[in-house]
Structure formats: structure tokens, C-alpha cells
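Counting starts at 1 for both ligands and their atoms, following the listed order.
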Amino acid sequence: MAFTGSYRNNGGSNAGPKVPLRADRSLSVNSTVKSNAVSAAVGQRVKSSSPSPSLSPSTGRRSGGGSPRNGKDDCGGVPGRVRVAVRLRPRNAEEEVADADFADCVELQPELKRLKLRKNNWDSETYQFDEVLTEIHTQKRVYEVVAKPVVESVLEGYNGTVMAYGQTGTGKTFTLGQLGEEDTAERGIMVRAMEDILADVSPEHDSITVSYLQLYMETVQDLLDPANDNIPIVEDPKLGDVALPGATVVEIRDQQSFLELLQTGEAHRFAANTKLNTESSRSHAILMVNVRRAVRGKPDKESYNLNENGNGAHLLKGLRAPIVRRSKLVLVDLAGSERIDKSGSEGHQLEEAKSINLSLSALGKCINALAQNSSHVPIRDSKLTRLLRDSFGGSARTSLVVTIGPSPRHRGETASTIMFGQRAMKVENVMKLKEEFDYKSLCRRLEVQVETLIAENERQAKALLDSEERRQIEVIEAEHRAIEAENKLASAVESMAAEKLRYQKEYMEMLRKLEDQQQQQQQQWMENESRKEDCGREGSVNAAGEELAQVKWLLQKEIQMRERAEEELKTLKQQSIPNWSSEMVENGEILKIGKRLEDEVKQRSKLEDEIKSLKHQLLQLSMEADETRRVLDRGSSGRISTGSDTPINTLKTHQVRDSANGQKATIAKLFEQVGLQKILSLLESDDVDVRVHAVKVVANLAAEEANQEKIVEAGGLHSLLMLLRSSEDETIRRVAAGAIANLAMNETNQELIMAQGGIGLLSRTADEAEDPQTLRMVAGAIANLCGNDKLQIKLRDEGGIRALLGMVRCGHPDVLAQVARGIANFAKCESRACTQGMKAGRSLLIDDGTLPWIVQNANNEASPIRRHIELALCHLAQHEVNAKDLIAGGALLELVRISRDCSREDIRNLAQRTLVSSPIFQTELRRLHMAC
Ligand code: ADP
Ligand code: MG
């Protein structure tokens with residue numbers, strides 16, 4: 001037998017014209033099947049078949065009888081007749097021996113795709129098939145012509161069936177299930193189909209799952225899980241799909257795992273058959289390969305059922321479900337088709353044979369019905385036909401290989417098999433593409449999207465929350481800052497208020513001081529007026545100035561004379577020396593010169609003595625002149641002039657100031673160069689002269705307000721107080737007291753003086769000193785201390801007032817003026833304390849017995865004394881508590897006099913007001929018949 005033809009659905013000599021395959025599209029997705037257009041040519045046994053009807057998969061009824069050549073049928077499917085190939089097994093060893101003398105019962109004409117079945121030696125029947133495969137055809141060839149077109153259709157989305165039908169031992173299993181482990185050329189259709197499928201699909205987008213089942217005596221068993229031995233068949237009447245719920249489904253990713261799966265299935269099939277005491281030939285083996293493929297490329301817009309204006313397209317864009325094609329390849333290795341009687345079955349085996357034949361005969365009946373275009377197709381008669389409902393008269397592409405053996409002994413079985421094949425060739429299927437939206441995948445994608453959106457939403461919410469938190473923090477911070485600013489403002493306002501209060505206080509104090517100053521200046525003016533009458537002091541100052549000038553002139557003259565004499569002596573020495581030996585000795589000139597030289601030396605020594613004494617005098621006079629100036633500067637107030645002198649003062653003092661300025665400058669220089677510490681250390685020198693000079697320098701410095709603080713800081717006050725206590729020298733004590741008086745002008749220093757026992761030292765000095773100038777300085781210092789409100793009690797308790805009063809013994813007007821000033825200062829402070837309620841009871845001045853002296857000097861001719869006493873009296877009279885003592889002491893008359901005669905209007909008015917406002921004074925005046 002020569003093999004020339006080839007079996008191709010779309011090719012071959014008897015293939016019809018190529019028709020573009022158009023699939024039925026349940027989802028309206030346009031696509032074009034790229035290859036394998038089904039040939040509508042129908043191979044027939046002699047007579048060609050008429051157009052075959054196809055069975056609707058859902059109803060089992062014929063859906064139309066259109067010619068396959070027309071392409072698409074009424075339902076939109078592609079007509080595709082069941083393709084049938086016949087395969088002849090080669091003679092086996094037994095047949096070689098047994099049938100050696102017989103010719104084969106079949107004669108194959110593969111090139112004509114014909115098979116001749118010999119009835120006897122002279123008669124034979126010829127049958128046309130889609131393919132005739134002889135014993136020489138390889139497994140590869142069988143696969144390519146029988147199964148490959150089906151596999152390709154499956155990969156395109158159509159269901160497909162490849163089935164082997166034939167008598168036991170004719171090679172069904174060899175054709176379908178041979179694993180070809182030892183010889184790969186022997187691999188059967190199952191292995192090769194999976195190879196092609198795996199090669200075509202994308203592991204990323206597509207999936208292949210496999211179930212392997214056995215149908216035995218109308219029971220579906222799971223060959224991948226033997227325990228699962230009664231699997232129900234569930235049909236979807238709408239889609240015509242058959243499902244086997246509970247069957248093991250294994251995903252296949254590679255060929256090796258598939259081979260292992262087949263081996264497992266085969267082992268289980270063997271085990272099951274052993275258990276049931278049967279053979280594999282009596283069961284149907286069904287391998288189901290489910291292919292799920294993603295359709296790539298952009299789907300048609302129309303398919304998304306958009307509304308008219310296309311609104312929602314953008315919304316739907318993200319909701320498009322991917323399209324997938326689901327298809328199923330069913331490979332069926334049928335049980336042997338031999339007749340029961342032939343297999344010699346009995347009993348159970350008979351029942352078995354019936355069951356086996358039940359399925360096979362049901363299949364045959366269905367095929368007959370389909371082939372004859374019968375109105376009834378008994379699909380539901382057996383499980384096999386229910387499982388294969390899509391393969392015959394359904395939407396699958398089906399290829400049937402009928403296997404026959406060569407032995408003439410099986411002629412009847414062979415003929416029956418051939419007839420089965422012939423009928424099957426008349427069955428027309430309508431292939432349908434099954435595309436669907438992959439809602440699961442869409443769902444998964446949407447879930448991912450929802451997750452992403454939720455995460456994004458959460459992120460944004462968190463960001464919003466964070467920014468809100470930040471904003472709140474900022475608001476809180478801003479509030480804090482505002483509160484802080486408010487607090488600062490409040491404290492600033494508070495401190496400003498305090499400052500304002502302080503300034504007001506200072507202002508009041510300044511006013512008070514100015515008032516005092518004005519009073520003092522007026523008093524001073526009065527005093528100076530009175531001094532005009534007595535020019536003695538001023539004269540002495542002038543005289544001192546003249547004397548100083550005279551001494552300076554004399555000194556200058558003497559210096560000049562000395563220089564001349566020295567010059568002369570020098571010249572004479574130079575002229576005379578060379579001639580001494582001869583001429584001078586002779587003339588007695590040497591003696592004369594000697595005498596003259598002697599005179600000159602004496603003269604020089606005398607001049608030097610004179611210079612020394614003049615220098616001493618000069619210093620003494622300078623100091624005195626300076627002191628005089630300061631006394632004048634201070635007037636009776638005890639305050640040093642600081643540039644606010646009245647014009648009268650300036651006039652009075654400018655004469656002595658000229659001479660004092662030189663020394664002042666010298667002292668300032670000394671202060672700068674030597675340093676205060678060194679000067680102060682000289683106060684403790686053993687040398688009296690040094691101490692005298694040092695204390696004078698310090699006193700001069702203390703006269704300047706600018707230096708006072710530095711002196712006190714450097715311990716100068718303490719040193720001065722020590723000098724006052726320990727020094728025997730009158731000058732030192734006088735000058736020290738003067739310096740202390742100057743320092744006592746400052747309120748802080750007043751407190752320091754008191755704290756360092758100054759009042760006691762001053763009191764002691766006041767008691768001991770005789771020199772009016774010393775007493776004046778001491779009185780001045782105490783008077784200054786009397787002006788401090790805070791020190792009143794301490795000053796009085798430590799004997800300050802009694803010391804003041806004691807100094808009046810000297811009678812010197814300067815001393816008395818300072819005493820009066822001290823009393824006035826004290827009275828003023830006391831009066832202020834009384835007014836402020838800080839003091840009660842009689843004046844301490846009265847307590848300490850000053851009243852008689854006050855009354856006695858109230859009308860002193862020396863105006864500085866008088867003015868101070870007048871003021872003191874006015875202060876004392878202002879408080880009723882003193883009134884009786886004042887009356888008793890005779891002060892009332894003095895007050896009346898002041899209120900009438902005082903040249904100072906302010907004091908006069910004060911006295912008047914005091915008298916009028918005091919009921920005690922008024923009573924007394926009335927008693928005295930003195931109107932006021
Ligand atoms: P069946 O499944 O139809 O009962 P088998 O496939 O089991 O038959 O085949 C029976 C025997 O014949 C096996 O030993 C097998 O190897 C052998 N055989 C079948 N077909 C061929 C073939 N075409 N070429 C070589 N040996 C074959
Ligand atoms: Mg078999």
C-alpha cells in the first residue's frame with residue numbers, strides 16, 4: 001500500500017475551498033480565525049453524503065441543515081463535520097504465525113483514502129475515509145493528521161475531541177496514550193497534543209488544567225485521585241457545557257509534570273481495574289484538557305455597550321474586563337468495541353459487557369441519529385454520550401480514529417468498526433468560539449485598584465490630618481506667642497508705670513532740692529552781703545594771693561641769681577687756674593679768690609635753704625588758698641559747687657580759684673599717674689608730712705563729685721574715718737573731716753559713714769577739737785548727715801545732735817552756721833516724717849535740748865545762722881506736739897517775729913501759716929493779746 005495523501009482539514013485533494021472561519025461570538029468580539037478553515041468537503045462511502053444537520057448543544061436538536069460550504073450556520077457557528085481516520089495496526093507476532101497463510105481482511109489505499117474490506121476472496125467493499133493510516137504510518141504522522149488540527153482549534157478557542165474507537169488490541173491506547181518514554185517516536189496523541197499546547201500558550205496570561213477520568217460501568221472515577229470514584233456529571237443546558245464537580249484539576253506548566261500525571265493516571269487505572277477484576281479495555285479513559293487564554297489586543301469599543309454619546313467611556317475604560325477564551329480538548333480512549341458474545345463474558349462480566357456496550361451502543365445510536373438527521377438523539381442514554389455531547393453534533397471540532405487489526409479472524413469486528421467510522425463521518429458539528437469577559441480577573445484587578453485607592457485615600461487622609469495637626473500646632477504656637485507678647489507688654493507697662501513713679505518721685509525730690517538750694521543761695525547771698533561789710537576774710541585771701549605771687553617772684557629771682565653765680569664761678573675757674581702758680585701767688589690773689597669762693601658757697605647754701613623754706617611756704621599757701629576757695633564755694637551749705645554757682649559766687653571766688661586751679665591740675669595729674677590706691681595707702685604712712693599731703697590730696701579729690709564714688713569704693717572713706725580716730729595731727733583731722741564732709745553730701749555715702757561708726761568719730765572729734773576750721777568741717781559733715789531721712793534716729797541716738805550743739809561753744813560764725821544748718825536739716829526731715837506719720841511725739845531736737853540755743857540764735861545777726869534757725873523753728877512749729885515746748889521755750893515770739901519781719905517771703909509765709917493753723921499757738925497768742 002502506498003501512502004500518498006495527506007489529512008488536513010484545510011487541505012488535501014478532496015478538501016473544499018478554503019473558507020475564512022468565522023466564529024460564533026457570544027460576546028460580539030470580532031476576531032478572525034487565522035487558519036484552519038474547515039473544509040466542507042465530505043468524504044463518503046461511495047455515495048457522497050448530503051448536507052448533515054448539526055445538533056444544538058443545548059437542545060440536542062438539529063439547528064439547521066445548511067451546507068458546510070456556506071460557512072456560518074444559522075447560529076453563527078462554523079460547520080465542521082466529524083473527521084474520521086482509520087488506522088490499521090501492524091501484524092503482531094501471533095498474527096504473523098496464525099494468519100500466515102491468510103491475506104489481511106482489509107486492503108488500504110491510503111493515497112485514495114480508501115479501505116477495501118474483503119468479504120471473501122472475490123468480493124470486497126470499499127470505504128472512503130478522511131484519512132487512511134496504514135501500519136507503516138508513524139505516531140507523528142497519525143498525530144499530525146488526526147489530532148493536530150483539533151489541537152490548533154482548541155488553542156484558538158474551540159472545543160475539540162479526539163477519540164479512538166476500535167476492538168480491544170487494535171491500538172487505541174497505543175495511538176492516544178502511548179507515553180513513548182523509551183522511544184520518543186512512539187509518543188501518542190496525548191503527549192504530542194500537550195507539547196503543542198504548552199508551546200503555544202503564555203504561562204503569564206494563559207492556563208492549562210487537566211483532569212483524567214475513567215468511565216467504568218456508568219461510573220466516573222478520578223484517575224488522579226482513586227478515592228474519588230463516583231463523580232457526578234453536571235450539564236449546563238444553556239451553554240451545553242459539561243462539568244465534573246469534584247474531579248481533580250491539575251494545572252500543567254510543563255511537559256514533565258504532564259507525563260507524570262499520565263503515569264499516575266495509568267497506574268491508578270491499572271490498580272482500579274485489578275481491584276475490579278477487569279481490564280483496561282473495558283473502561284473508557286477520558287483526558288480533559290482545559291485551556292484558558294487571554295485575548296490580546298485592544299477589544300472593540302462597541303463591545304462595551306457604551307451609551308449613545310459615549311459618556312462613561314472614561315469610566316468604563318478602567319472597568320473593562322479582560323477577554324478570555326475557554327476551550328476544552330477531550331481525548332477519549334474508548335473501551336474495546338468487540339461484541340459481548342465474542343469476548344465470552346458471563347455473569348458479572350456479562351453485566352460489565354452490557355454496561356460497556358451501553359455507553360458504546362448509546363454513542364453509536366446518537367451517531368446514527370445525527371447521521372440520519374433524526375429528530376431524536378439519545379444523548380442522555382449513557383454517561384459517555386452525556387460527557388461527549390459537545391463532541392458529536394455539538395460545538396466541538398472532533399476527530400475520530402478508528403483502529404482495526406489485520407487479522408481475518410476479527411473480520412466482523414473490523415467491519416463493525418469501519419461502519420461506525422463511516423456513520424460518524426456524517427455527523428456535522430457547529431464550532432463555536434467561546435469568549436467571555438474574565439470577570440474574576442476584572443474583579444481581582446478592581447480589588448487591587450480599590451486597595452490602591454483605599455491606600456491612597458488613607459495616605460491623603462493622613463496627610464490632611466498631619467497638615468491639620470501641623471496647622472493646629474501652629475495655631476497653638478501662635479497663641480503662645482501672643483500670650484507671651486501680651487505678658488511682655490503687661491510687664492513692660494508695669495515697669496513703665498514703676499519707672500514713671502520713680503521719675504515722678506525723683507522729680508519731686510529734685511524740686512525739693514531745688515527749693516532747698518534756692519533757699520541756701522538766698523541765704524548765701526545774704527551772708528555775702530554781710531561779708532561785704534567785713535572784707536577781712538576776702539582781704540586775707542587777696543593778701544594770700546599777693547603773698548604767693550611775691551614769693552614766686554622772689555624764688556624766681558633767687559634761682560636766677562644762683563645760676564648766674566655758678567656760671568661766674570665756672571668762668572673764673574677756667575680763667576684763673578693756669579696762672580695760679582706764678583702770678584696769683586705772688587700778688588696774694590689766691591686768697592682773695594678763695595675767700596670769694598667761700599662766700600659764694602655760703603651764699604649758695606643760704607639760697608638753697610631759702611628755696612626750701614619758700615617751697616614749703618608755697619605748698620602751705622596753696623593748700624590754704626585751695627581750702628579758702630572751697631569754703632567760699634560751699635558757702636554755708638556744706639555743698640561743693642558743681643558748676644551751678646550763682647554769678648555772685650563766681651565773682652567772689654574767681655580770685656582764689658586761679659591760684660587753686662594750678663594745684664587742682666597737679667592733683668588730677670597725680671591721681672592719674674600715681675593711682676588712687678597708692679594715694680590712699682599714703683594715708684597710713686609713718687611720715688606725718690606724707691600723711692598730711694596725702695590727706696590733702698584725697699580731700700581735694702573728694703571735693704570733686706566725680707571722684708567720690710571711686711574714693712569710697714577704694715576704701716578711702718574708711719581710711720579717712722581711721723585718720724579722724726587715730727590722728728593726733730590737727731591738720732590731718734581737719735582735712736580728713738573736710739573730706740568726710742564732702743563725701744557726706746551723697747546719700748549712699750551718708751549711710752556708709754553711719755554704718756562705719758562715722759557719727760561717733762565725728763562727735764568725738766567735735767568734742768576734742770579746738771580749731772574752728774576743724775569744728776566747721778565736723779559740723780558740716782554732721783549737718784549733711786542730718787539731711788538724711790533714714791538716719792534720723794541713729795544719728796540722734798549716737799549723739800549727733802548733742803555733738804552739733806556742743807560745737808557752738810567755739811562761737812565761730814562758720815561753725816554756728818553749720819550747726820544751724822544741721823539743726824534745720826534735722827527739723828525738716830523730722831517734720832516730713834511726722835507729716836508722713838512715720839514719727840510721733842516731741843521733736844528729738846527738743847529732747848536733746850537744742851531749743852534754748854535755737855531761740856537764742858533765732859535772730860542771729862549772721863544771716864546764714866539766722867535763716868537756718870528760722871527754717872528750723874518753722875519746721876518744729878508745724879507739729880502741735882512741739883507747740884507747748886516752743887511756747888515754754890519762748891519760740892512763739894520768735895515765730896511771730898519771723899512771720900512779720902523775715903526778709904524771705906517764703907519763710908515769712910510759712911511762719912504765718914503755722915501760727916494760724918495751730919490752735920495751741922492761737923490760744924497762747926490770744927492769751928498774750930497778740931494778733932497774728
Ligand atoms: P487497545 O488499546 O486497542 O486494546 P493496544 O493499544 O493496547 O490496543 O495495542 C495492543 C498491542 O498492539 C500493544 O502491544 C501495542 O503495542 C500494539 N500496537 C498497537 N498498534 C500498534 C502500531 N500501530 N504499531 C505497533 N504496535 C502496535
Ligand atoms: Mg487500550
Side-chain angles (χ1 to χ4, degrees), residues 1 3 7 85-99 104 106 108 110 115 131-147 162-192 212-216 221 223 262-263 265-274 276 278-287 331-340 342-345 352-353 356-357 359-360 363 384 400-407 409-410 413-414 416-418 420-421:
M1 284 184 287
F3 175 75
Y7 177 93
V86 64
R87 187 182 195 189
L88 177 68
R89 171 176 60 74
R91 276 185 172 189
N92 57 29
E94 186 192 341
E95 287 161 341
E96 290 281 0
V97 176
D99 304 328
D104 289 341
V106 289
L108 301 180
L115 176 147
E131 198 64 53
V132 172
L133 300 159
T134 68
E135 66 273 26
I136 63 155
H137 282 115
T138 60
Q139 290 277 71
K140 184 172 182 277
R141 179 72 188 160
V142 173
Y143 170 73
E144 278 172 357
V145 296
V146 174
V162 177
M163 194 156 58
Y165 180 94
Q167 191 187 357
T168 299
T170 52
K172 300 185 291 296
T173 304
F174 182 82
T175 303
L176 273 172
Q178 193 70 12
L179 295 179
E181 285 167 307
E182 287 170 11
D183 180 3
T184 51
E186 288 201 342
R187 287 171 301 158
I189 288 172
M190 286 176 180
V191 178
R192 290 175 193 269
Y212 201 9
L213 308 150
Q214 172 173 270
L215 177 62
Y216 176 69
Q221 301 167 346
L223 286 178
L262 288 181
Q263 278 171 338
E266 205 175 18
H268 288 154
R269 193 182 183 191
F270 176 78
N273 291 331
T274 306
L276 294 165
T278 182
E279 292 172 27
S280 64
S281 61
R282 291 175 192 167
S283 67
H284 311 281
I286 306 159
L287 182 78
L331 302 171
V332 189
D333 181 4
L334 291 167
S337 61
E338 56 274 5
R339 287 206 312 269
I340 306 162
K342 205 137 198 222
S343 66
S345 301
E352 182 190 78
I356 293 164
N357 280 336
S359 281
L360 274 181
L363 179 64
L384 182 67
L400 175 70
V401 57
V402 293
T403 53
I404 51 172
S407 173
R409 286 178 292 150
H410 303 298
E413 297 301 332
T414 304
S416 145
T417 301
I418 286 166
F420 181 86

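- Heavy-atom proximity to Arg87, at under 4.0 Å, picks out these atoms of ligand 1: 23 (N).
- Donor-acceptor pairing under 3.5 Å is lacking for the side chains of Glu186 and Gln139.
- Among the candidates Thr168, Thr417, Thr170, the single residue satisfying the side chain to side chain donor-acceptor pair (under 3.5 Å) test with Thr403 is Thr170.
- Protein heavy atoms are absent from the 4.0 Å sphere centred on atom 14 (O) of ligand 1.
- Which parts of ligand 1 touch Thr168 is read off a 4.0 Å heavy-atom cut-off, strictly below it: atoms 4 (O).
- Nearest protein neighbour of atom 21 (C) of ligand 1, counting heavy atoms only, is Phe174 CD2, 3.5 Å.
- Residue contact annotation: Asn92 has no non-hydrogen atom under 4.0 Å from ligand 1.
- Closest protein heavy atom to atom 8 (O) of ligand 1: Gly171 N, 3.0 Å.
- Residue Thr173 approaches ligand 1 through these ligand atoms, each under 4.0 Å from one of its heavy atoms: 2 (O), 6 (O).
- Annotation: side chain of Thr134 is not in contact with side chain of Leu88 (no heavy-atom distance under 4.5 Å).
- Residue contact check for ligand 1: Thr403 places no non-hydrogen atom closer than 4.0 Å to it.
- Listed by number with element, the atoms of ligand 1 under 4.0 Å from a non-hydrogen atom of Lys172 are 1 (P), 2 (O), 3 (O), 4 (O), 6 (O), 8 (O).
- Neither the backbone nor the side chain of Glu135 has a heavy atom within less than 4.0 Å of ligand 1.
- Residue contact annotation: Gln167 has a non-hydrogen atom under 4.0 Å from ligand 1.
- Among the atoms of Thr168, no N, O or S atom falls under 2.8 Å of the Mg ion (ligand 2).
- The side-chain contact (heavy atoms from CB on, under 4.5 Å) with Arg187 is formed by just one residue from the set Ile189, Asp183, Thr184; it is Thr184.
- What sits closest to atom 22 (C) of ligand 1 on the protein, heavy atoms only, is Pro90 CD, 3.2 Å.
- Residue Glu94 holds its CD atom at 5.5 Å from CZ of Arg409, rounded to the nearest 0.5 Å.
- In this structure, the protein non-hydrogen atom closest to atom 11 (C) of ligand 1 is Gly169 O, 4.3 Å.
- Ranking the protein heavy atoms by distance from atom 18 (N) of ligand 1 puts Arg89 CD, 3.6 Å first.
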